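All of these numbers come straight from a predicted model, not from anything done at the bench. Atoms within each ligand, like the ligands themselves, are counted from 1 in listed order.
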Amino acid sequence: MITVWGRATSSNVQTVMWALAELDLPHERIDAGGPFGGLDTPEFAAMNPNRLVPVLRDGGEYLWESASIVRYLGARYGSEQFWPSDPLKRAKLDQWSDWTKTTLVPAFITNVFKLIISKRPGERDEAAIRKGVAELANVMRIFDERLSEAAYLGGDEPCFADIVAGVLLYRYFTLEIERADLPHLEAYYERLTRRPTYARHVMISYDSMRAK
Ligand SMILES: N[C@@H](CCC(=O)N[C@@H](CS)C(=O)NCC(=O)O)C(=O)O
C-alpha cells in the first residue's frame with residue numbers, strides 16, 4: 001500500500017494524489033503540514049529533510065518533491081502514454097514539468113497567489129500584485145500556445161506533465177485576478193475539470209489558507 005503524507009489543500013500534495021488516482025493505485029493519505037503540523041519531528045525529518053509535504057512511501061522507500069514522485073509513479077506504474085519510454089518523447093514532456101516548477105510556480109504561486117492569499121484585502125501590496133499578474137500573462141501565453149497544438153501536453157490523452165502543470169490551473173482560474181484571454185488554456189482547464197480525478201483531488205477550496 002502506498003502512503004502519502006500531506007494536507008489535501010497543498011497543491012504539491014494534490015499533484016501526487018491526482019497522479020495516484022489517474023493511475024488507479026491503492027493508497028492512503030495522512031494529514032500533515034499546515035494546521036495539522038507534524039513536520040518538525042525527527043521522524044518527519046527522516047522522511048524528508050526539507051520538512052515539507054508531500055512525502056510518499058512505497059515498498060518501504062520514501063520519496064519527496066512532487067514532480068519527482070509523479071515521474072516515479074509513471075515509470076513504475078504508468079502506461080506508455082502517461083510516461084513515454086522513448087527518451088526524446090519523455091524529454092519533451094519533462095520540459096513542461098520542469099518549466100512548471102522553475103517558471104510557472106514562481107510566476108504564479110510566489111508572485112501572485114501568495115501575495116493575495118497571505119494578506120487581507122486592503123493590506124495587500126497591490127503594485128506588486130499588478131506587476132506579478134502582468135508577468136504571469138506572458139508565462140501563461142507559452143502554455144496556451146502549446147495547447148493550441150494538442151488537447152494535452154503530450155497529445156490526445158493526459159500524461160505526467162499535465163498533472164504537474166495542470167494542478168495549478170484550479171487556483172489560476174478561480175483566483176480574483178484579471179486573466180489574459182487564452183482560449184486554448186481555458187479549454188484545457190475545462191477538459192481537466194471534467195475528469196473526476198481532478199475534481200476530487202485538485203478542485204479543493206483554498207479559503208482556509210487565506211489570511212483571516
Ligand atoms: N518543491 C516541493 C515543494 C513542497 C512544498 O513547498 N510543500 C509545502 C506545501 S505546498 C509545505 O510543505 N508547506 C509547509 C506546510 O504545509 O506546513 C514539491 O514540489 O514537493
Considering non-hydrogen atoms of the protein only, which is the closest contact for [atom], and what is the distance?
atom	result
atom 13 (N) of ligand 1	Leu52 CD2, 3.7 Å
atom 3 (C) of ligand 1	Asn12 ND2, 3.5 Å
atom 4 (C) of ligand 1	Val53 O, 3.3 Å
atom 14 (C) of ligand 1	Leu39 CD1, 3.8 Å
atom 1 (N) of ligand 1	Glu65 OE1, 2.8 Å
atom 15 (C) of ligand 1	Gly34 N, 3.4 Å

Check this for me: does any side-chain nitrogen of one of [X] and [Y] sit under 4.0 Å from a carboxylate oxygen of the other?
X	Y	result
Arg210	Glu176	yes
Arg71	Asp94	yes
Arg141	Glu145	no

I'd like to check whether Lys101 has a polar contact with ligand 1, where a contact means an N/O of the residue lying under 3.5 Å from an N/O of the ligand.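 Yes - when backbone and side-chain N and O of Lys101 are compared with those of ligand 1, one distance drops under 3.5 Å.
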Please indicate whether any nitrogen or oxygen in Ser66 is less than 3.5 Å from any nitrogen or oxygen in ligand 1. yes
Taking only non-hydrogen atoms of Pro54, do any sit less than 4.0 angstrom from ligand 1?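 So Pro54 counts as touching ligand 1.
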Any Arg51 heavy atom less than 4.0 Å to ligand 1: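 No, that is not the case, since the closest heavy atom of the residue is not under 4.0 Å from the ligand.
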For the side chain of Arg51 and the backbone of Leu39, is there at least one donor-acceptor N/O pair under 3.5 Å apart? yes
Quick one: does Lys101's side chain have a donor or acceptor within less than 3.5 Å of a partner on Trp99's backbone? no
A student checking ligand 1 against Ser10 at a 4.0 Å heavy-atom cut-off should list atoms 9 (C), 10 (S)
Would Leu169 and Tyr152 show up in the same hydrophobic cluster when neighbours are defined by side-chain heavy atoms closer than 4.5 Å?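 Shared cluster, yes.
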Side-chain donor-acceptor contact under 3.5 Å, Ser11 with Tyr206: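 Tyr206 and Ser11 do not have a side-chain donor-acceptor pair below 3.5 Å.
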Between Val13, Thr3, Leu56, which is the residue that forms a side-chain contact (heavy atoms from CB on, under 4.5 Å) with Arg29?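 With Arg29 as partner, side-chain contact (heavy atoms from CB on, under 4.5 Å) holds for just one option, Val13.
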